[in-house]
Amino acid sequence: LIRCSGGLICGAQRKESIRHFASRNALDIDGMGERIVEQLVDVELVRDVSDLFVLEASTLMSLDRMGVKSAEKLVASIARSRRTTLPKFLYALGIREVGEATALQLANHFGDLMLLQEASVETLVAVPDVGPIVAEHIVSFFANRANIDLLSRLTARGVSWPAITVASPESKPLAGQTVVLTGTLVKLSRNEAKARLIALGAKVAGSVSKSTTIVYAGPGAGSKLAKATELGVEVADEAALLALLAALETTSDAPKTAP
DNA sequence: AATAAACTTCGTGTTAGGGC
DNA sequence: GCCCTAACACGAAGTTTATT
């Protein structure tokens, strides 16, 4: 694989990092798509992600295909995205090889951004999913002064997240289980189902293997369902998933339903 | 006012490479 | 080596903007 070495100087990389920052499973800024980011960087309204948090609707309306409605929606989305979670924030940073699952492990292990920032390669490799290569990427990210400055600008502009609470084992009845979702879920969005399963301690994987505990398949399921039956992995439907969630969530922590 | 075009979102599937 | 993640590519559908 060949990768541009331009770093922060490279316009294309800046655009991509901003797009990633705003994407669904990161800070989830609704309405901040590829074309908007492109324009914002080109006209130099935005140099890095911290600039997003000072944008105003009146400025945004100068962009192509941006009317009152879209501009106001976008400003509202940006405002909403300030309140996030540590795993989402870590994922949003775009550290190489740190995707959603790894970000979650890091957040749970360190519990605090500052502790992660100061971690050495030796401490990092103790985290599940993190080996020498990923540890090195993380260390060099935080060794970069520009990144540290960016982090402080982000917090100065209101980006924040609640402290990680260490969940008691009793509140994680699905610990040790690996779940795969496939097909279209009707009652739940995919992300919501995933979030609720994770909250209960399950691991939600993207591919089926021998170690998969159960596959929940909705209409339209394809290759993953086929693989599950081939490997003899248990398969259930959305109704079963809903029943399971309902049964387990009635305990202490209330289910977090998406807005 | 109605229609067309542009852009984003949502969901699936595939593949290379890192972890164990 | 197997398993799984990260990262990518694509199609469908829903909104909003621009056009006639």
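This structure is a prediction, so every number in the text was calculated from the model and none was measured. Note on naming: letters A, B, ... go to the chains in the order of the sequence lines (proteins, then strands), and numbering restarts at 1 for each one.
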Per nearest nucleotide of DNA chain B, the residue lying toward the 5' end, Glu97(A) or Thr182(A), is Thr182(A)
Whichever of Ile29(A) and Gly131(A) has the more 5' nearest nucleotide on DNA chain B, that residue is Ile29(A)
Next on the checklist: If you define the side chain from C-beta out and look only at heavy atoms, does anything of Leu116(A) sit under 4.5 Å from Phe142(A)?
Outcome noted: yes
Closest listed nucleotide, where the reference is the side chain of [X] and the choices are [options]:
X: Ala101(A); options: dA7(C), dA6(C), dG11(B); result: dA6(C)
X: Lys69(A); options: dG11(B), dA6(C), dT17(C); result: dT17(C)
X: Thr102(A); options: dG11(B), dA6(C), dG13(B); result: dA6(C)
X: Thr184(A); options: dG18(B), dT15(C), dG11(B); result: dG11(B)
X: Asp30(A); options: dT5(C), dG19(B), dT9(B); result: dT9(B)

Measure [atom1]/[X] against [atom2]/[N] and give the value in whole Å, please.
X: Arg19(A); N: dC7(B); atom1: CZ; atom2: C1'; result: 14 Å
X: Gln39(A); N: dA6(B); atom1: CD; atom2: P; result: 14 Å
X: Leu106(A); N: dG18(B); atom1: CG; atom2: C1'; result: 14 Å
X: Lys194(A); N: dG11(B); atom1: NZ; atom2: P; result: 12 Å
X: Met66(A); N: dC7(B); atom1: CE; atom2: C1'; result: 10 Å
X: Arg65(A); N: dG14(C); atom1: CZ; atom2: P; result: 18 Å
X: Leu90(A); N: dA6(C); atom1: CG; atom2: C1'; result: 16 Å
X: Leu40(A); N: dC7(B); atom1: CG; atom2: P; result: 13 Å

It should be established whether Ser70(A) places a side-chain nitrogen or oxygen under 4.0 Å from OP1 or OP2 of nucleotide dT17(C). yes
Taking only side-chain N and O atoms of Lys210(A), does any of them lie within less than 4.0 angstrom of OP1 or OP2 on dC2(C)? no
Is [X] atom [atom1] crowded by more than 12 heavy atoms from other residues, nucleotides or ligands, each under 6.0 Å away?
X: Arg157(A); atom1: CZ; answer: yes
X: Arg35(A); atom1: CZ; answer: no
X: Glu34(A); atom1: CD; answer: no

Within the structure shown, what part of the strands sits under 4.0 Å from [X] by heavy-atom distance: base, sugar-phosphate, or nothing?
X: Lys203(A); value: sugar-phosphate
X: Val208(A); value: nothing
X: Arg35(A); value: sugar-phosphate
X: Ile36(A); value: sugar-phosphate
X: Asn191(A); value: nothing

Closest to the 5' end of DNA chain C, once His20(A) and Ala71(A) are matched to their nearest nucleotides, is His20(A)
Between Val204(A) and the options Thr178(A), Leu174(A), Leu197(A), the side chain to side chain contact (heavy atoms under 4.5 Å, CB included) test singles out Leu197(A)
Exactly one candidate in Thr229(A), Val215(A), Leu225(A), Val235(A) meets side chain to side chain contact (heavy atoms under 4.5 Å, CB included) with Val208(A); the answer is Val215(A)
